[in-house]
Peer 1: 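The structure that follows is given in the form of structure tokens.
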2 protein chains.
Amino acid sequence: METTPAPSKADVCASGPTAHPRPDGQDHYTISEVVAVTGLTAHTLRWYERIGLMPHIDRSHTGQRRYSNRDLDWLAFVGKLRLTGMPVAHMVRYAELVRVGEDTFEERRELLESTRRDVLSRIAELQDTLSVLDFKIDFYAGARRASERA
Amino acid sequence: METTPAPSKADVCASGPTAHPRPDGQDHYTISEVVAVTGLTAHTLRWYERIGLMPHIDRSHTGQRRYSNRDLDWLAFVGKLRLTGMPVAHMVRYAELVRVGEDTFEERRELLESTRRDVLSRIAELQDTLSVLDFKIDFYAGARRASERA
DNA sequence: TGCTTGCTTGGAGTGCACTTCAACGTTCTA
DNA sequence: TAGAACGTTGAAGTGCACTCCAAGCAAGCA
């Protein structure tokens, strides 16, 4: 599987500054440190790399992965995309576009806007289910009150 | 797999009256009619029955399924639960509670309230991702405008 | 020097929610 | 009466997103 190069600052920064566990320059996290920070498993981190969802990850002189602050930012963004329900294949597509460079800004925007539309309709769908749930919950709560009165 | 008995009116009615394709008394839908109404596949309908998510479905004299308006209502409700993201195993649990009867109102209410909480937090999560998406979309849109000016 | 802990790999396994298959029976239309 | 269309079953297969396994290497420590 291909890996993406380290994305540029603008590609990675999410909304607002995020504090990193270590300052730039000393940011050489082992996989288990990344596990602690992200909540992902080491398996998943290696799998992300294998499917091309991660940029190239630095290695120590013994071949162990050393993640950077930038990798952490990318993982945080991927985490957000995951929460949207975006399929991993689409995230990989996005990672490929980042790898290619600035010429793909437009396609990246389209990808995110389509995801945005999906999120909005999913929210609407969920709000729709809420009224059904509330109706039923009220029914059961009403039945309980009635049996307490009896 | 066990099947549930026909749930009582109160167990099934969703929010508001739903028009049925045929009036009560003439409601003997074939599986393909139910496919057309619900959008589920025939496979899925049979699978739902096998795992205990459906009440007992009437059969014609030749053994073919004949669904009733009540079955359609139940399927509509199951569809709503599916949209909430509730796992099928929980829906089966709910169906079991319906089968047992009115003694399970309280547990059913708890199940739905827990689902409701899940839905609310999922909505919040999605709204959170929206701000990240918007931030990135704005960045790419801004880059486009900048390049058009250049 | 051995032991434990952490990391590496490719490949196989898991759980969910269907989905397809094979083989066959029934019903409808020409 | 032929043939298409629709229905039946149990079992196996699919796609997704991980998740686990076996076997082995490397570093730190009693």
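Just so you know, these numbers use all the heavy atoms, side chains as well, and skip hydrogens, waters and symmetry mates.
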Peer 1: Rounded to the Å, how far apart are Y67(B) OH and dG7(D) P?
Peer 2: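 Between P of dG7(D) and OH of Y67(B): 10 Å.
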Peer 1: Could you give the CD1-to-P distance, from I57(A) to dT8(C), as a whole number of Å?
Peer 2: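 Rounded to the whole Å, the gap is 11 Å.
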Peer 1: Quick one: list whatever passes side-chain contact (heavy atoms from CB on, under 4.5 Å) with S68(B), sequence neighbours left out.
Peer 2: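 S68(B) satisfies side-chain contact (heavy atoms from CB on, under 4.5 Å) with D27(B), R70(B), D71(B) once adjacent residues are dropped.
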Peer 1: Distance check: side-chain N/O of T30(B) vs OP1/OP2 of dC6(D), anything under 4.0 Å?
Peer 2: no
Peer 1: What is the separation between atom CG on L45(B) and atom P on dA17(C), rounded to the nearest whole Å?
Peer 2: 16 Å
Peer 1: Quick one: side-chain contact (heavy atoms from CB on, under 4.5 Å) partners of H43(A), sequence neighbours excluded?
Peer 2: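 Here the qualifying residues are T41(A), R46(A).
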Peer 1: With E33(B), which residues qualify under side-chain contact (heavy atoms from CB on, under 4.5 Å), at least two apart?
Peer 2: R22(B), Y29(B), T30(B)
Peer 1: Rounded to whole Å, how long is the line connecting atom CE of M54(B) with atom P of dC18(C)?
Peer 2: 13 Å
Peer 1: Suppose we screen for side-chain contact (heavy atoms from CB on, under 4.5 Å). Which residues come up paired with R122(A), at least two apart in sequence or across chains?
Peer 2: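 Counting only residues at least two positions away or on another chain, R122(A) forms a side-chain contact (heavy atoms from CB on, under 4.5 Å) with E125(A), L126(A), L126(B).
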Peer 1: Rounded to the Å, how far apart are I51(B) CD1 and dA17(C) P?
Peer 2: 8 Å
Peer 1: Do K136(A) and F77(B) form a cation-pi contact, if we require the NZ or CZ to be under 6.0 Å from the six-membered ring centre and within 45 degrees of the ring's axis?
Peer 2: yes
Peer 1: What is the per-nucleotide protein-contact pattern of nucleotides 8-18 of chain D, from the 5' end, where B denotes a base atom under 4.0 Å from a protein heavy atom, S denotes such proximity for sugar-phosphate atoms only, and - denotes neither?
Peer 2: BB-------SB
Peer 1: Output all residues satisfying side-chain hydrogen bond (donor to acceptor under 3.5 Å, both in side chains) with Q127(A), sequence neighbours left out; order by chain, then residue number.
Peer 2: none
